[in-house]
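Structure, as structure tokens:
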Amino acid sequence: MLKLLLWALPLLANLLHAAPRPAEQRVGIVGGREASESEWPWQVSLRLKFSYWMHCCGGSLIHPQWVLTAAHCVGPHIQSPEHFRVQLREQHLYYQDQLLPVNRIIVHPNYYSAEDGADIALLELEDPVNVSSHVQPVSLPPAMETFPSGTPCWVTGWGNIDKDGM
């Protein structure tokens, strides 16, 4: 399984290598809606150790023992896995936390900065998670599937759904 994941990492990074907009044109996600409790069962919160386990990034469960996230969330100088924890499918941050330890971090070998592309990393959890109706690996389309420009998509994560609260 690890060989398959390591083989897929460069392929996934190629999908993410679109050139970013200049900084002055970037727009954060504003508004949105609160998701129902089991709507995105692969969404995880990546936590970094400060005085408490603070949410730093989102990620996606891609296998019962693997999480896909952005390399900039664990870098630029890759930190030790014990500095990170993963919270599975939690509707509201810091509510009933059950943090899972990370065993290993694998960053795309061509990652240098988010602007340069290859901004992708894998986190191996210490133990596989129990798959349920609330926790499932992400469902992906077939590898050869293509999507025309303008195809609607979703971006998931935690944020402020109040447009005026930013």
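Computed from a predicted structure; not experimentally measured.
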Excluding sequence neighbours, so at least two apart, what forms side-chain hydrogen bond (donor to acceptor under 3.5 Å, both in side chains) with S132?
-> none

Same cluster (ILVMFWY, side-chain, under 4.5 Å), V67 and L140 | yes

Under 2.5 Å between SG of C73 and C56 = no

A118 and A71 have their tightest heavy-atom pair at O-CB, 4.3 Å

Give a yes or no answer on whether the side chain of T69 reaches the backbone of G58 with a donor-acceptor pair at less than 3.5 Å.
-> yes

Looking only at heavy atoms, the pair that brings L61 and H63 closest together is CD1-O, 3.1 Å

Listed by chain and number, what are the side-chain hydrogen bond (donor to acceptor under 3.5 Å, both in side chains) partners of Q65, not counting sequence neighbours?
-> none

With a 4.5 Å heavy-atom cut-off, do P137 and P64 have their side chains touching?
-> yes

Name of the residue among V44, D97, L100 meeting side chain to side chain contact (heavy atoms under 4.5 Å, CB included) with Q87 | D97

Who pairs with T151 by side-chain contact (heavy atoms from CB on, under 4.5 Å), at least two apart in sequence or on another chain?
-> F147, P148

Side-chain donor-acceptor contacts of residues 120-127 below 3.5 Å, not counting sequence neighbours, with atom names and distances?
unit_1: E124; atom_1: OE1; unit_2: N103; atom_2: ND2; d: 2.9
unit_1: E124; atom_1: OE1; unit_2: R104; atom_2: NE; d: 3.0
unit_1: E124; atom_1: OE1; unit_2: R104; atom_2: NH2; d: 3.1

Residues forming a side-chain hydrogen bond (donor to acceptor under 3.5 Å, both in side chains) with S45, sequence neighbours excluded = R47, H55

If you round to the nearest 0.5 Å, how far is NE2 of H72 from OH of Y112?
-> 16.0 Å

Is M54 reachable from L88 through a run of I, L, V, M, F, W or Y residues, each pair having side-chain heavy atoms under 4.5 Å apart?
-> yes

Residues which pass ring-ring contact (aromatic ring centres under 6.0 Å, His included) with F50, listed by chain and number, not counting sequence neighbours = none

S80: side-chain hydrogen bond (donor to acceptor under 3.5 Å, both in side chains) partners, not counting sequence neighbours = E82

Under the side chain to side chain donor-acceptor pair (under 3.5 Å) rule, what pairs show up with a residue in residues 137-150, not counting sequence neighbours?
-> none

Common cluster, I62/V131, ILVMFWY with side-chain heavy-atom separation under 4.5 Å | no

From W66 atom CH2 to S60 atom OG, the distance as rounded to the nearest 0.5 Å = 15.0 Å

Please walk me through it: do V74 and Y111 pass side-chain contact (heavy atoms from CB on, under 4.5 Å)?
-> CA-CA 11 Å; V74 294; Y111 174 71; over 6 Å; no

Linking Ile, Leu, Val, Met, Phe, Trp and Tyr by side-chain heavy atoms under 4.5 Å, what else ends up with W53?
-> L99

